[in-house]
Number of protein chains: 2
Amino acid sequence: MSGDDPRAEQATDDALRALAEPRRRAILRLVADAELPAGQIAEAFDVTRTAISQHLSVLKNAGLLHERRDGTRRLYRARAEGLAGLQAFLDQMWATSLQTAARLVEAERGVTDGGHADAAG
Amino acid sequence: MSGDDPRAEQATDDALRALAEPRRRAILRLVADAELPAGQIAEAFDVTRTAISQHLSVLKNAGLLHERRDGTRRLYRARAEGLAGLQAFLDQMWATSLQTAARLVEAERGVTDGGHADAAG
DNA sequence: CAACTCCGACAGTTGACGCTAACGTTCGTC
DNA sequence: GACGAACGTTAGCGTCAACTGTCGGAGTTG
């Protein structure tokens with residue numbers, strides 16, 4: 001896959017930065033179980049509704065939140081699609097890191113045993 | 001359920017906050033492919049070695065980096081284990097969000113069609 | 001021991017982020 | 001049309017993190 005896409009990198013950055021805040025993660029967990037209006041979400045925390053509104057904006061801008069209008073209220077729920085890019089990023093990093101670790105361990109063991117390590121640039 | 005462990009939450013928070021910075025993600029990608037000394041890592045960016053050193057400290061403190069001494073140099077490589085908690089967190093969120101979305105869609109369709117919703121709540 | 005290299009630690013500055021308070025907008029009701 | 005409710009938006013403030021420059025420690029070399 002084209003892992004050099006700046007679009008995907010930007011999306012991953014947004015999602016990661018949004019998830020880096022504990023409050024936002026809590027909000028996301030809250031709306032992952034059920035659809036809730038902004039007021040009810042705000043009542044679950046000890047901060048003002050404004051702060052929650054901003055957090056909701058960040059999450060929505062990061063593609064992690066889905067908004068639905070219902071009269072004066074706006075219902076929010078988590079958007080699983082927003083986590084796909086992040087999971088792909090983590091998966092790729094995980095695989096590469098494991099491969100590198102195994103390769104380095106083998107190379108070091110080769111050096112320690114006999115010292116015929118190749119491609120030790 | 002072991003999902004309420006504050007230890008895991010703290011580890012996830014540290015890893016997430018560390019990965020939220022694009023520079024640190026680039027560093028992690030760099031050392032995911034091969035083991036590199038701090039100087040070589042610093043030369044790959046347009047910032048001072050001090051900044052890179054601090055980034056390395058953050059990554060190491062978050063459990064995402066592995067340090068190995070080699071004379072005056074210190075080789076760094078990515079640590080795949082540090083990403084395990086994060087992947088678990090994302091996986092759980094993903095599953096919950098998908099289930100909730102499907103449930104809500106079914107409920108709404110039931111209301112729209114005829115209104116014989118069987119109280120899936 | 002002295003000189004050089006590589007690297008981390010400390011203090012200071014600047015930009016970004018989160019929180020609060022006041023206001024504007026949209027929708028529902030009388 | 002007027003009033004109230006729910007929510008987002010803007011401006012201001014405080015705080016945290018990233019970046020820079022300088023210094024000190026650890027290790028190799030002569």
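Proteins get letters first, then strands, A, B, ... in listed order; numbering begins at 1 in each. Side-chain atoms are counted along with the backbone in the values below, which use heavy atoms only and exclude waters and symmetry mates.
One interatomic measurement links the two molecules: CD of Glu21(A) to P of dC19(C), which rounds to 7 Å at whole-angstrom precision. Taking atom CZ of Arg73(B) as the reference point, atom P of dT5(C) lies 14 Å away to the nearest angstrom. Taking atom CZ of residue Arg17(A) and atom P of nucleotide dG15(C), one finds them 17 Å apart after rounding to whole Å. Whole-Å rounding puts the Leu19(A) CG to dG18(C) P distance at 12 Å. Separating the CG atom of Leu36(A) from the C1' atom of dC7(D) is a distance of 15 Å, rounded to the nearest angstrom. We find that CG of Leu56(A) is positioned 6 Å from P of dG8(D), with the value rounded to whole Å. Distance CZ (Arg23(B)) to P (dA18(D)): 11 Å, rounded to an integer number of Å. Counting to the nearest Å, the C1' atom of dA6(D) and the CD1 atom of Ile52(A) are 15 Å from each other.
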Legend entry - side-chain contact (heavy atoms from CB on, under 4.5 Å) between Leu59(B) and Val31(B), worked out: CA-CA 11 Å; Leu59(B) 287 170; Val31(B) 297; over 6 Å; no
Inset, instruction - Show your working on side-chain contact (heavy atoms from CB on, under 4.5 Å) between Leu19(A) and Leu90(B) and close with a plain yes or no. - result: CA-CA 10 Å; Leu19(A) 284 175; Leu90(B) 283 183; 4.1 Å; yes
Inset, instruction - May I have the step-by-step check of side-chain contact (heavy atoms from CB on, under 4.5 Å) for Val58(A) and Arg24(A), ending in yes or no? - result: CA-CA 9 Å; Val58(A) 173; Arg24(A) 263 178 308 225; 3.0 Å; yes
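Residue-to-nucleotide proximity on DNA chain C shows that, of Gln54(A) and Ser53(B), the 5′-proximal contact is made by Ser53(B). Place Val58(A) and Gly71(A) on DNA chain C by their nearest nucleotides, and Val58(A) ends up nearer the 5' end.
More than 12 heavy atoms of other residues, nucleotides or ligands lie within 6.0 Å of CG in Asp70(B), so this atom counts as buried by the packing criterion.
Closest contact between the side chain of Arg69(B) and the listed nucleotides dA26(D), dC6(C), dT9(D) involves dA26(D). Closest contact between the side chain of Ala51(A) and the listed nucleotides dC19(C), dT28(D), dC7(D) involves dC19(C). The side chain of Thr72(B) lies closest to dT5(C) when the candidates are dT10(D), dG8(C), dT5(C). With dC19(C), dG18(C), dG8(D) as the choices, the nucleotide that has an atom nearest any side-chain atom of Arg24(A) turns out to be dG18(C).
The stretch residues 39-50 of chain A comes close to DNA chain D through Gly39(A), Thr50(A), each having a heavy atom under 4.0 Å from the strand.
At dT26(C), none of the side-chain N or O atoms of Arg74(A) fall inside 4.0 Å of OP1 or OP2 (strictly under the cut-off). Phosphate contact (OP1/OP2 of dA17(D), side-chain N/O of His55(B), threshold under 4.0 Å): absent.
Between Glu9(B) and Arg25(A) there is a salt bridge, since a side-chain N of the basic residue sits under 4.0 Å from a carboxylate O of the acidic one. In this structure, Glu81(A) pairs ionically with Arg79(A), as a charged nitrogen and a carboxylate oxygen lie closer than 4.0 Å.
Using modelled atom types, one finds no donor on one side chain facing an acceptor on the other under 3.5 Å when comparing Asp91(B) with Gln87(B).
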